[in-house]
Amino acid sequence: MKKGLILTGLFVLVAGVVQAQQKKVQPKKEQAVKQEEVMQVLKSGLSSDPRFAWKIKQDEAQRICSQYPSREEMPASAVQKVIQLSQAEIKYPQWGIYMGDWKEGKKLVDSPRGGRYASYGFSDEPTDKGGNCYACHLIEKGQPGGTMGPNLYQYGKRWGITKENLNSPETIEKIKAVYNIVYNSWSAFPCSSMPRFGYHGVFSPEDVANIVAFLLHPDSPVNK
Amino acid sequence: MAVGTGILRVPKEAKKGEIVRVQMVITHPMTPPRKDPQTGQTIPAYHLTKLDLFFNDKLVSTVNMGAGVSANPFMALTLKVEESGIVKIVYEDNKGGKWERTAEIKVS
Amino acid sequence: MDRRKFLILSVAAVVGLTMVPTFRPAFGATKLEEEIQKRLGVQLSQIKESADIKLTAPTIAESGANVPITVEATIPVDKVEKLYIFVDKNPVPWIADVSFTPMNGQVYFSTRIKMGETSNVRAILKLKDGSYVMATKEVKVTAGGCG
Amino acid sequence: MRKKVVLGVFTVGALVGGILSTKAFAQTDRELTPEEEMRLVQEFNRMLAEGVNPGEIWYEVGKAAIKKYNLDKCDLGLGPGVFKGAAAQLPRYFADAGKVMDLETRVGWCLQKYAGMTQEQVLKFVRECWGKTGNCVSEYDGIIMYLTMESNGHKINVNLKDPHVKKMFEIGKQIYYARLGPWDFNCATCHAGTKEVRIRATRLWSADRPGEAGQAVSIFPKYLVRWGLPMTMHYRYAECIRQMRWPEFIPHSDLGVALSTYLYGLANGTEIKAPGIGR
């Protein structure tokens, strides 16, 4: 019952995303070119440095998502498949779900350059760890942000998380729901624009817990 | 291409007494003094300092500027033309660079 | 050099190198006030805002590197001596000054300026009778792009 | 943050004897919606587009470079050295090269053929100003600027009836939607959909909103005020791909041609107006 409620809450909260992605696109025509040929052209234009080979291995979920311009055009079976693949690989911190350190989370949220080589003639070392979250989200009041993703002002407040109920089982469930989105957004919103940060190892489970704390903790500036 | 190249744009033709727009773009980095991140040494400022606008060799306007003007500066002024003639801009930077460009206006 | 670093550094350079620390001694003036006193010989507080001078600038700038501004005035150009442009919060608030003659036909100047952060832009006209008029516009400097 | 701004304004205001009228307060105090901000940023871009575009300086650079590198022999599809309107009908199929080429790829081909450059030399020439800011002026950027500006006023007219071109268009379209890389992006992540969105303060154009692909590509090369140089289309692809966390883009590759064929194909009918100007 509780779980049901929380799930409903989750969907209310994120309904915006779904709506945002209800793009009306013409149904795709049958494919005139072979998939292998497309990938061959694509790879011909990217550095063949073996250190980057892992970056262009398309996984099954990516392959499914590539076939549809938007989620609304995905058949239910494809939606199910992506959700299933994504849920299966979510990993949690060693000690299970917990409210992380929002100050650490804030650093990861603020940093714009995670996983990106600094410039041309680059190295593969990610220049920074970070999610560049402000590019797409409005998060803290007064901080400029994008509107590709939903507005996250007072996200924790909207989930009803207060100092008093911080350690309640319901709160832990809510943390988990948000954790799953940050760790692998496709587990809740298949083929969403949001990168699967945990899945790709951009963030460790502990990093994700800290980011979730930044979004949900009553002391975090997000909820001021 | 060298620093200091520019575009000076005026209408080719104008009526007597008309106020025309004189527009210009000059290639220049317009940098303030800054510290080299590697060596820690100060890199001196490099920017335009002055631009004079002439019409038929009479001084119309002088612009003094610092590094607060954007790189590859754009500027526009107006000129009231009573006769045909040559618009000339003369500009210099803080490292002794000095350039000029001209354009012609036919007044009828 | 890394581009972002470069940007940050150049901003840092703009902010840090060319000027004294931003703290304001109890009796001292702001950098802007000092600059206006130095270049105009009057106090900022003595300059009146006026509708006779019009400053056009964007309300929000997607980049502080290049903020387009245009100054126009309804005051006849033969009564005008000089136009000054300042940005309150720039490390060097003075941007440019322009002298006019009747050959200009009118008071008009347009350019693009650098702004380190959200700030007021000021256009001040010095008239031949020794008085000053001013127009002010706040420009919000924000960040664009993927970062 | 906001408080600080308001406070700052207040302090300054108090110090200068209340010159800052209530107008300044009203401006800082009212919270603008993201939509209002997007409109104001568009207004900023319109103001930026007034006057002389500094990118035009590269036209003369290119004119000289075309002589220097023997490119007056280069055939962009209308005959050797015929440049007026030539960029507007690219990408197209070139029998002499046996493939579809866009403007930049064709210029690279001509540089190898008529200027005696090797492929590596061409790539170095192309990337001379990549990642640089300040006062970087490259002859390549000049050449692309010159050739594009020679088509100003012409309408983009990619021949999608040519089966080679059509095939490249289809490949480009599929690449546009290919989710790939450690951040799961595709081109459509940012540049598709009917909802108007922004990334930070920058409004994103969308392939799904009529006319926007045309508006986006018809102004390239685009002078970028933050770097002080014109960005060619292949530099644009490289930047997007860098932000997508894919491996580095190789200019003049078939990937570039496929993307150009798709985008310019979508842009058919739009008048070329180079250079554009932006952040």
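In the model, D/Thr270 has no side-chain atom that pairs as donor or acceptor with a side-chain atom of D/Gln215 under 3.5 Å. Under the 3.5 Å distance criterion, with hydrogens and angles disregarded, no donor-acceptor pair is assigned to the side chains of D/Tyr262 and D/Gln174.
Here C/Pro68 is the residue among C/Gly64, C/Pro68, C/Ser119, C/Ala65 with the most heavy-atom pairs under 4.5 Å with chain D.
Neither the backbone nor the side chain of D/Leu224 comes within contact range of chain C, judged by heavy atoms closer than 4.5 Å. Heavy atoms of D/Glu37 lying under 4.5 Å from chain C belong to its backbone as well as its side chain. Contact annotation for C/Thr56: both backbone and side-chain heavy atoms come within less than 4.5 Å of a heavy atom of chain D. For C/Lys140, the part sitting under 4.5 Å from any heavy atom of chain D is the side chain, from C-beta outward, and nothing else.
Using bins of under 30°, 30° to 60° and over 60° for the plane-to-plane angle, the ring pair D/Phe249/D/Tyr237 lands in the perpendicular bin.
Checked for salt-bridge contact, D/Arg46 and D/Glu43 meet the test: a charged N lies under 4.0 Å from a carboxylate O.
Between D/Cys136 and D/Cys129, the sulfur-to-sulfur (SG-SG) separation falls under 2.5 Å.
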